[in-house]
Amino acid sequence: MNNYKTDVLIIGAGGAGLVAALNAHKSGAKVTVLTKEYPTRAQTSMAQGGINAALGHAGEDSVEDHIQNTLKSAQGLANEEAVRLMCNEALEAVAWLDSIGVPFSRTKESKIAQRTLGGASAPRACYAQDYTGLKILHTLYDRAMVQGIEIKNERYLLNFITNKDKHEKSYACGATILNIRTGEVETYEAKSVIVATGGYSKIYHKHSTNAKGSTGDGIAAAIRAGARLSDMEFIQFHPTALKNSSILISESARGAGGYLLNSKGERFVDELLPRDQVARAINDQIQAGEEVFLDIRHLGEEFIMEQLPQERKLAKLYENVDPVSELIPIKPVAHYTMGGIEVDKNSHTKLKGLFAAGECANHKVHGANRLGGNSLLELIVFGKQAGENAAAWAKKFDNTIETGEQTISAQNFVKGVKYFTNQIDFYQKHQFMGNIFYNNAGISKDEMGLKAVLGAVRQIQKEIPFMGPKDKSNIYNTNLVDFIEFGNMVELCEIILVSMISRNESRGAHYRSDIPNPNDMAYKAHTITWKEDGVLCADFME
Ligand SMILES: Cc1cc2nc3c(=O)[nH]c(=O)nc-3n(C[C@H](O)[C@H](O)[C@H](O)COP(=O)(O)OP(=O)(O)OC[C@H]3O[C@@H](n4cnc5c(N)ncnc54)[C@H](O)[C@@H]3O)c2cc1C
């Protein structure tokens with residue numbers, strides 16, 4: 001029996017999924033959470049720098065300053081109402097995390113400690129050493145366990161199930177899932193669904209700080225099911241990843257006074273400008289033949305061990321340098337995807353009954369460039385909203401749920417891809433795609449380069465039937481999962497490139513060297529993409 005029923009089905013057990021689960025559960029709904037890995041391994045665990053809230057514990061600050069910093073960094077593409085809501089609720093969000101046991105670092109007066117991240121006018125990021133995301137995620141997971149929320153691991157979302165109501169309007173009512181342990185397709189019927197599957201930076205392959213699973217699965221499934229995506233061209237590059245491994249060295253290192261130096265030992269940029277500007281300045285140095293380093297030696301061993309112990313460990317382990325006495329070689333890599341599933345002010349997507357939260361959603365609080373510390377905040381504020389609203393939607397649900405055909409189609413898909421010929425190695429294609437994206441659709445791009453990458457992606461789309469998993473087995477077939485993830489990434493690549501090519505201007509993280517200035521008259525608007533009968537459509541909307 002592979003048919004399961006719940007009220008609110010949540011795909012993803014990172015910060016957003018778990019906050020949504022806790023709040024849907026609190027609202028009285030039966031909740032089921034599915035994740036393709038284990039909750040404690042979600043990318044949220046990698047967040048280091050902190051979560052923003054204008055508590056003013058380390059210097060004067062105000063909610064209004066937080067709002068203004070966020071709007072400035074977003075460069076005209078944020079929704080002010082959403083930003084105001086997020087920044088206003090930040091204080092309560094951090095107080096709630098504190099109350100459920102997140103071990104925030106403290107000041108001498110026992111207040112939650114705060115530090116400065118790029119683009120912030122005050123020390124605003126609340127942190128737990130440089131393990132902030134890990135501590136938050138583990139506490140949320142612990143909380144979900146205590147509440148008895150059902151969480152099923154190693155369940156991979158294939159597609160959302162949709163039906164049509166009496167007015168021929170589509171609604172989401174479940175999902176088809178690959179049980180990675182058994183290889184069977186399971187069907188989950190639900191009165192509402194929340195997608196919280198994270199971002200898509202792993203398209204850049206090794207040129208990304210992200211977890212292996214950040215392949216945009218939920219976003220690809222959402223557009224296939226009838227939801228809309230927005231701002232997919234806005235991809236943030238983090239200035240300081242380790243040069244050889246792309247592992248992140250947190251912005252808190254610069255916040256604490258770290259310098260950026262070129263091979264001549266010169267500082268060349270204000271280290272605390274927003275990420276898009278710092279990443280471009282570093283890229284310019286690298287293009288001019290310089291190596292770039294992060295220097296935190298002057299902060300001293302005691303400070304580094306107290307505030308940045310993970311950064312020291314990572315630099316030693318992956319770059320073979322000890323930041324206490326040596327420079328850290330760095331480069332900018334893909335880090336955060338501002339675009340995602342278009343949601344309204346209730347976290348509801350265009351597809352009724354489908355809600356979205358976290359990095360996979362576009363609540364329009366980051367616009368063209370996210371501020372460090374605002375993503376963890378977004379997970380808490382909008383995860384809560386999505387959980388409460390999905391529970392309310394489930395309560396009112398009075399439609400039928402018919403899953404038969406869509407289950408069969410998912411079963412056929414899983415069987416079918418195993419017959420693909422595997423003449424072309426898709427792992428190599430992913431690496432290739434990552435390289436061409438990094439070089440031509442990365443920190444700096446132009447129309448010619450973008451069109452060349454689009455041509456390559458369309459060729460890869462044609463070659464997919466000649467790829468496929470080598471492993472034809474059912475049980476724990478991770479080769480099959482990798483292949484399905486690859487398919488989702490290729491689907492999103494086309495959407496990203498079409499959006500990048502359509503935006504004939506530079507704005508925030510979207511920098512076009514052929515058109516280096518913003519054009520407010522034409523492009524102070526969001527790119528919207530959707531599919532009609534499988535065909536990609538795009539437009540700009542205010
Ligand atoms: C190295 C690093 C440091 C960062 N530091 C900070 C910071 O200091 N402050 C800050 O605000 N932000 C930071 N960020 C950004 C922030 O951590 C992420 O944006 C955020 O954690 C995303 O949370 P999420 O819940 O949306 O997704 P994730 O944490 O990525 O969780 C996604 C979940 O969805 C599941 N999933 C995905 N696809 C499927 C599928 N097909 N089927 C089933 N399940 C699926 C995954 O298994 C996972 O459980 C950092 C990011 C990185 C990479």
Side-chain angles (χ1 to χ4, degrees), residues 9-21 33-53 90 115 117 124-128 130-134 136-137 140-141 151-160 175-180 188 194-202 208-221 236 238 240-242 246-252 255 310-311 314 333-338 340-341 356-361 366 370-380 382-383 386 481 484-485 488:
L9 177 67
I10 301 178
I11 315 289
L18 292 180
V19 171
V33 183
L34 305 178
T35 160
K36 66 179 173 182
E37 44 199 7
Y38 285 80
T40 47
R41 288 197 198 153
Q43 175 161 287
T44 299
S45 68
M46 296 165 78
Q48 302 165 356
I51 171 168
N52 288 338
R115 60 184 164 208
L117 299 179
R124 187 176 295 139
C126 311
Y127 59 93
D130 49 2
Y131 294 100
T132 315
L134 184 85
I136 290 178
L137 187 67
L140 292 172
Y141 182 49
I151 302 181
K152 292 186 175 182
N153 304 319
E154 297 180 321
R155 301 298 202 283
Y156 183 92
L157 167 74
L158 295 168
N159 275 311
F160 296 111
T176 51
I177 300 292
L178 174 69
N179 181 333
I180 298 173
Y188 287 79
I194 301 176
V195 51
T197 46
Y200 48 92
S201 288
K202 215 55 200 173
S208 162
T209 58
N210 277 207
K212 182 180 172 295
S214 298
T215 51
D217 301 335
I219 304 176
Q236 178 171 78
H238 197 292
T240 57
L242 291 176
S246 293
I247 289 173
L248 181 81
I249 296 297
S250 168
E251 197 159 272
S252 46
Q310 187 180 191
E311 316 308 313
L314 293 171
V333 298
H335 178 64
Y336 183 87
T337 46
M338 271 79 73
I341 305 164
E359 194 172 335
C360 70
H366 309 306
R370 174 182 74 98
L371 278 186
N374 270 355
S375 172
L376 289 177
L377 175 59
E378 176 191 11
L379 307 183
I380 312 299
F382 294 106
V481 172
I484 303 173
E485 286 178 341
N488 283 327

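Keep in mind the model is a prediction, meaning the values are calculated, not measured. Whatever order the structure lists them in is the order used to number ligands and atoms, beginning at 1. The chain is numbered in sequence order, starting from 1.
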*Asks:* Only heavy atoms count here, so choose which of His335, Glu154, Lys36 is nearest to atom 39 (C) of ligand 1.
*Replies:*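 Among His335, Glu154, Lys36, the closest heavy atom to atom 39 (C) of ligand 1 belongs to Lys36.
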*Asks:* So, does Glu378 sit close enough to ligand 1 that a heavy atom of it is under 4.0 Å from the ligand?
*Replies:*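 So Glu378 does not count as touching ligand 1.
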*Asks:* Between Gly49, Gly50, Gly14, Ser250, which one has a non-hydrogen atom sitting closest to atom 9 (N) of ligand 1?
*Replies:*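 Answer by nearest heavy atom: Gly50.
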*Asks:* Is there a heavy atom of Gly15 sitting under 4.0 angstrom from any atom of ligand 1?
*Replies:*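 Yes.
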*Asks:* Using heavy atoms and a 4.0 Å limit, tell me yes or no: is Gly133 in contact with ligand 1?
*Replies:*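 It does not; every heavy atom stays at 4.0 Å or beyond.
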*Asks:* So is Ala196 touching ligand 1 or not, going by heavy atoms under 4.0 Å?
*Replies:*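 For ligand 1, residue contact (heavy atoms, under 4.0 Å) with Ala196 is present.
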*Asks:* Relative to ligand 1, is Lys202 under 4.0 angstrom through side chain, backbone, both or neither, heavy atoms considered?
*Replies:*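 Answer for Lys202: neither.
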*Asks:* Could you tell me whether Ile11 approaches ligand 1 through its side chain, its backbone, both or neither, with non-hydrogen atoms closer than 4.0 Å?
*Replies:*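 For Ile11, the contact with ligand 1 is made by the side chain alone.
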*Asks:* List ligand 1 atoms under 4.0 Å from Leu157, heavy atoms only on the residue side.
*Replies:*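 Near Leu157, meaning under 4.0 Å from one of its heavy atoms, ligand 1 has 40 (C), 41 (N), 42 (N), 43 (C).
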*Asks:* Using non-hydrogen atoms of the residue, decide whether Asn374 is closer than 4.0 angstrom to ligand 1.
*Replies:*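 Asn374 counts as a contact of ligand 1 under the 4.0 Å cut-off.
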*Asks:* Hey, does Leu117 have a side-chain heavy atom less than 4.5 Å from the side chain of Leu371?
*Replies:*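 They are not in side-chain contact.
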*Asks:* Please confirm whether Ser214 approaches ligand 1 to less than 4.0 Å, judged on its heavy atoms.
*Replies:*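 Contact absent.
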*Asks:* Would you call Thr209 a ligand 1 contact, heavy-atom distance under 4.0 Å?
*Replies:*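 Yes, that is the case, since the closest heavy atom of the residue is under 4.0 Å from the ligand.
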